[in-house]
Every structure is written in structure tokens, then in C-alpha cells.
Amino acid sequence: MTEIIKPRPISGFPEWLPSEKILEEKMLGTIRKTFERFGFSPLETPAVERNEVLTSKGGNEKEIYTLARLAGTPEDDAKEYSLHFDLTVPLARYVAQHFQRLSFPFRRYQIQKVWRGERPQDGRFREFYQCDIDIIGEENLSLLADAEIPSVIHQIFSAMEIGDFIIKINNRKILSGFLQFHNIPAERHNDILRTIDKVEKIGREKVERELSSVIGLPGECVTGLLDLTSLQGTREEVLMRLESLDYGDLFRTGVFELREVVENMEGLGVPSGNYRIDSSVARGLDYYTGTVYETNLKAHPDIGSICSGGRFDNLAGNFIKKRLPGVGISIGLTRLFSRLLAAGIVKPGASTVSNILVTILDRSYLKEYLAIATQLRGMGLNAEVYTEPKALKKQLQFASKKGFKMVLIAGENEFRERKAKIKNMESGEEREVSLDRLGEEASLLLSPG
RNA sequence: GUGAGCGUAGCUCAGCCGGUAGAGCUCUGGAUUGUGGAUCCAGCGGCCGCGGGUUCAAGCCCCGUCGCUCACCCCA
């Protein structure tokens, strides 16, 4: 007697049913296609990096899954390699390593799983897809790149048809310029910005309290900061208001950059209804230095940011003595997908990618059925043959459950006249078609209307 | 890492004041010959997370442990 091992999921490591995975793949496909439309080249780096690489940016080491071989001395192995926890650090290493052979501005996309050891909860996983694009410049990178990113985001989420969305854009120099102007020490900026970033989540009052009591920011500074981050109005109104404020050079540079980016976004086809200047967007990550982005679904703000990123001054300072500024975004597809599913914004449909199931009614005609399937495939249809010797009833039940739109049925009567029946599984309607014109008929049935 | 809650059938859950387990859904089969999704009938399915304790008796109470979920931290 073999002992049954109870199969159970591992928390934080999602897996989907076919009907769900088909949807996720479709989204991945949309993302990939759009990335390529903007000239980003595919790139894949190993799932594993050296620890010295992963920890070079001072990331939270507790998040990292370290590798140990099953056989061998764990102590030795464990020190050296780990799974990557994002795609930016591997990109930095990659760009530095292959610097001479790459063309700059270098633009690549990377769609891979990443791993983080953090405790899972709603919308937070330990294994998930990141879909990253970045544009990396050599020494310099035009602000045009910053304007292009929202255009990519816009096209992706429009194509996905997941409801109206808003890209929130800001420039970090505005906030850090303000803090610098008020003589707040640089090492405290991150805490402050992280708190500001929570305005939408916990509300203005709590942020105000946290800024003054926990962080100890002077009252006037808190008020100024919160006024700054709650600016509202049209794009032009907000920009003019920002331009009227005098918080020093860095602040002014930030406002100037923001205007330039936003004005170019228009030419890149981002409608004004799909983006907004939002000075509260700070992004917790400390490596962002200029433009920052966040994107939300208008009807589902609770889902949180579905895509975020920004500009950084120097990508690979730890790996190469070149200044490589860049700008990019990351779509956390697993989180996005799981929440769209939970919210019912995307709904699982068929459990098959096939268009048609070829049933086998009479096994003495096996060769004919197989030839039909081959013919359908030749026409570009996805065709599946029901291989098991079961009653037609069972075959149709199978087709229903799996969500086939069409089923081909043929027996002695049909074959005698070189015909087959094509049954539409939604309407139940059946049509007799000539075997010689099968492909065209099937395509007709599949096309909408 | 910190805090809270929850572990009963494949899934969602019920189970009273402690008396050795139940529903719905799913699944499988059937309602005659080459036609599914609806309905009806039947059936499969449980070391009540694991270990210990209290008790005549524990799914229920107590302790521990593991797991899960949520929140915080942080982030996609």
C-alpha cells in the first residue's frame, strides 16, 4: 500500500486552473505585444544571481530565497546564490556585464517570475510575475523616455479591457526639493516620502499625525507638504500652481521636468482622461530620483497600484564605472491578475484553447477522423481529437464541460457522402458540411456574427 | 519580523449546554439504440490539521505544535 500524500497548495505560490491560466496568458500576450510595439527587446536573465549582486543595492536581505543543494554542504552552498527578487538588479548586472555589446539607449522588456520570502497575504505572493520595461541611457537619457513609458502603460491597459484607469505621475524632485528647502536631513527623506505615499490608503489626518509625531516634522513643514500633495485641478492648473511656488532649485527642476514629460505624453497619444499629476505619488523605493508613476483602476481603487515605476539616476553604479540613467515600470501581473479575478473584472471562460473537438463516433473510420483534425489544423484552427472509446454522449459532455464552441460529429451516414456535422455547442445548431470545404466552414462558424 | 483570527468531505460551510459527524455544490454512474449543458434517481467521498492533557465520554474544553488567512512592516 502506497501512502497517499495529501496534495495541498503552498501559500504564496499561486497556481491556476486551465480556464484561469488561459486568461493570464492572454494578459501576458497583450503585455508582450505592446512592449515590442514600442521597440523593447526581449531579455531573460537566470532565475539565480550571486548574493553579492542581489544585495548590492542594499535590499532587504530577509526577502531573499537562498539556494542550497539537496546533496552537499548547505553551509557552503547557501552563501553564494539566491533567487532574484526583482528584475531591476539583474538588469543592472546584465547591462554592466554586456555594456560594450549593447546599443544605447538600451531598451528591453523582461517578463519573468521573481521570488520574495515575505509573508503572503491578499495580493502579495512569494512567487509572481513581473513584467518590466526599462530604457537605459549612457551618461544621459532624454526626458522623452519618461513620456514614452505612460504611453506604453496606456496602450496595455486599454487593450486589456479591464475598465477605465488613471496613470498618476509625479516627479520626486518636487518632494525632495521641498524637504531640502526646509533643511530636512537627506537620510530622513525616505521615511517621509513613504509616509506621504500612504495618503490614499490611510488618509490625510493619519499621515499628518505620523509626520509630526512619529517623524517629528515641524508643523508648518507638515502643512506645506500636505498642501503640496493634495493639489487638484486640470493638468495646467496644477502645473501653474507648482510653478508659482518657490522651494528652491531642486524643486523647480522637478516641476520643469514634470511639465516637459507631461507635455510630450500628449503627442504620444495618452488622453488627458487617463492620467493626472499627483504630487502624493512618491514611491517607497529609494532609487527613484525623478519621474514616478503609479496606475489605478478608476472603478477599483481598492485593488491598489497595478503598475508602477519611475526614473533612476544611475542603474549600475555598483557594477560599472559609467553613469547609466534609466526609466522604467513594472507590472506585477500576478497581483493584478489575482485581484481582477477576485473582483470579477475578468471571468474564466473555456478550459480549452481549442476551437473544435473532433469526436469519434465509429472507430472503424479512425483514419478519417485523424485526417479531418489534420485538415482543420492546416487551416489554422486549434483542433482536439477525443481519443478515448466512449459513447458520443460522454464525448459531448466532455466538450461542454471544457467549453468547446464547436464539435465535429461524423459517422457512417456522413462519411458515405463525404460530409461531417459541425455542432455549435452554444446554440445546439448543427450544420452538415462537405469534408472538402471543412476549414472554410469551420472558420465561418467561429467568426462572430 | 510584529499582532489578531481560523483549521470539519475535492470546494463553501453547519455541528446546541461535551454524548463516537451533516448540508449544498462538485465528482462518478443511471433515466434503452449516434447528441452535451436543465431536471430526477443512485453512489463515491471524513485519523474533525497534528501531538498531548482534562473527562466515563472531546469536532466541541485546556496546553503545545504545524498550517492557513488577515492586518502591520515592506512592496508588484
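Lettering of chains follows the sequences in order, A, B, ..., and the numbering in each one begins at 1.
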Worksheet entry | Ring centres under 6.0 angstrom apart (A:W115, A:F128) | no
Would one find a side-chain N or O of [X] under 4.0 angstrom from OP1 or OP2 of [N]?
{"X": "A:Q121", "N": "B:A71", "answer": "yes"}
{"X": "A:S11", "N": "B:U69", "answer": "yes"}
{"X": "A:R116", "N": "B:C75", "answer": "no"}

Report yes or no: is there a donor-acceptor pair, N or O only, under 3.5 Å between the side chain of [X] and the base of [N]?
{"X": "A:R124", "N": "B:A76", "value": "no"}
{"X": "A:R119", "N": "B:U2", "value": "yes"}
{"X": "A:R335", "N": "B:C75", "value": "yes"}

Could you tell me how far [M] sits from [N] if I compare only their [atom1] atoms? Round to whole Å.
{"N": "B:G37", "M": "B:C50", "atom1": "P", "answer": "39 Å"}
{"N": "B:U26", "M": "B:C73", "atom1": "C1'", "answer": "40 Å"}
{"N": "B:U32", "M": "B:C25", "atom1": "P", "answer": "23 Å"}
{"N": "B:U2", "M": "B:G52", "atom1": "C1'", "answer": "28 Å"}
{"N": "B:G29", "M": "B:G45", "atom1": "C1'", "answer": "15 Å"}
{"N": "B:G19", "M": "B:A57", "atom1": "P", "answer": "14 Å"}
{"N": "B:C66", "M": "B:G24", "atom1": "P", "answer": "38 Å"}
{"N": "B:C41", "M": "B:A23", "atom1": "P", "answer": "14 Å"}

With a 4.0 Å cut-off, would you call [X] and [Y] a salt bridge?
{"X": "A:R116", "Y": "A:E127", "answer": "no"}
{"X": "A:K168", "Y": "A:E294", "answer": "yes"}
{"X": "A:E118", "Y": "A:R126", "answer": "no"}
{"X": "A:R194", "Y": "A:D191", "answer": "yes"}
{"X": "A:E388", "Y": "A:K394", "answer": "no"}
{"X": "A:R107", "Y": "A:E148", "answer": "yes"}

Worksheet item: Hey, which of A:L336, A:T34, A:I331 is the one that makes side-chain contact (heavy atoms from CB on, under 4.5 Å) with A:C131?
Response: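 Going through the options one by one, the only one that passes is A:I331.
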Worksheet, complete the sentence: Of A:P9 and A:F128, the one whose nearest nucleotide on RNA chain B sits closer to the 5' end is A:P9
Worksheet item: Taking for each residue the nucleotide of RNA chain B bearing the nearest heavy atom, is the 5' side occupied by A:R126 or by A:S330?
Response: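 So the residue in question is A:R126.
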Discussion item. Using modelled atom types and a 3.5 Å cut-off, is there a donor and acceptor pairing between side-chain atoms of A:T334 and backbone atoms of A:Y129?
Written reply: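 Checking the backbone N and O of A:Y129 against the side chain of A:T334, a donor-acceptor pair under 3.5 Å is found.
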Worksheet item: With Watson-Crick and G-U wobble geometry limited to distances under 3.5 Å, how should the secondary structure of RNA chain B be encoded in dot-bracket form, using | for bases paired to another strand and [ ] for crossing pairs?
Response: (((((((..((((.....[..)))).(((((.......))))).....(((((..]....))))))))))))....
[X] [atom1] - [N] [atom2] separation (whole Å):
{"X": "A:E210", "N": "B:C74", "atom1": "CD", "atom2": "C1'", "value": "13 Å"}
{"X": "A:E294", "N": "B:C75", "atom1": "CD", "atom2": "P", "value": "11 Å"}
{"X": "A:R339", "N": "B:C75", "atom1": "CZ", "atom2": "P", "value": "15 Å"}
{"X": "A:K201", "N": "B:C75", "atom1": "NZ", "atom2": "P", "value": "11 Å"}
{"X": "A:H84", "N": "B:C75", "atom1": "NE2", "atom2": "P", "value": "19 Å"}
{"X": "A:Q112", "N": "B:A76", "atom1": "CD", "atom2": "P", "value": "17 Å"}
{"X": "A:E118", "N": "B:U2", "atom1": "CD", "atom2": "P", "value": "14 Å"}
{"X": "A:K390", "N": "B:U28", "atom1": "NZ", "atom2": "P", "value": "9 Å"}

Worksheet item: Out of B:C72, B:U2, B:G30, which has the shortest distance to the side chain of A:K394?
Response: B:G30
Worksheet item: After noting the C-alpha distance and the side-chain angles of A:E432 and A:K421, does the key distance pass the salt bridge (charged side-chain N to carboxylate O under 4.0 Å, His left out) rule?
Response: CA-CA 4 Å; A:E432 283 216 324; A:K421 276 183 190 159; 5.2 Å; no
Discussion item. At 4.0 Å (heavy atoms only), tell me whether A:T359 reaches a base, stays on the sugar-phosphate, or touches nothing.
Written reply: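 Counting heavy atoms under 4.0 Å across all strands, no contact is made by A:T359.
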Worksheet item: Across the strands shown, which category fits A:K198 at heavy-atom distances under 4.0 angstrom: base, sugar-phosphate, nothing?
Response: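 Sugar-phosphate only.
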Item to complete: Indicate for each nucleotide in nucleotides 33-38 of chain B, in 5' to 3' sequence, whether protein heavy atoms under 4.0 Å reach the base (B), only the sugar-phosphate (S), or nothing (-).
Response: -BBBB-
Using distance only, find each side-chain donor-acceptor pair of residues 24-32 of chain A under 3.5 Å and give its atom names and separation, not counting sequence neighbours.
from, atom 1, to, atom 2, distance (Å)
A:E24, OE1, A:K21, NZ, 2.8
A:E25, OE2, A:K21, NZ, 3.1
A:T30, OG1, A:K26, O, 3.1

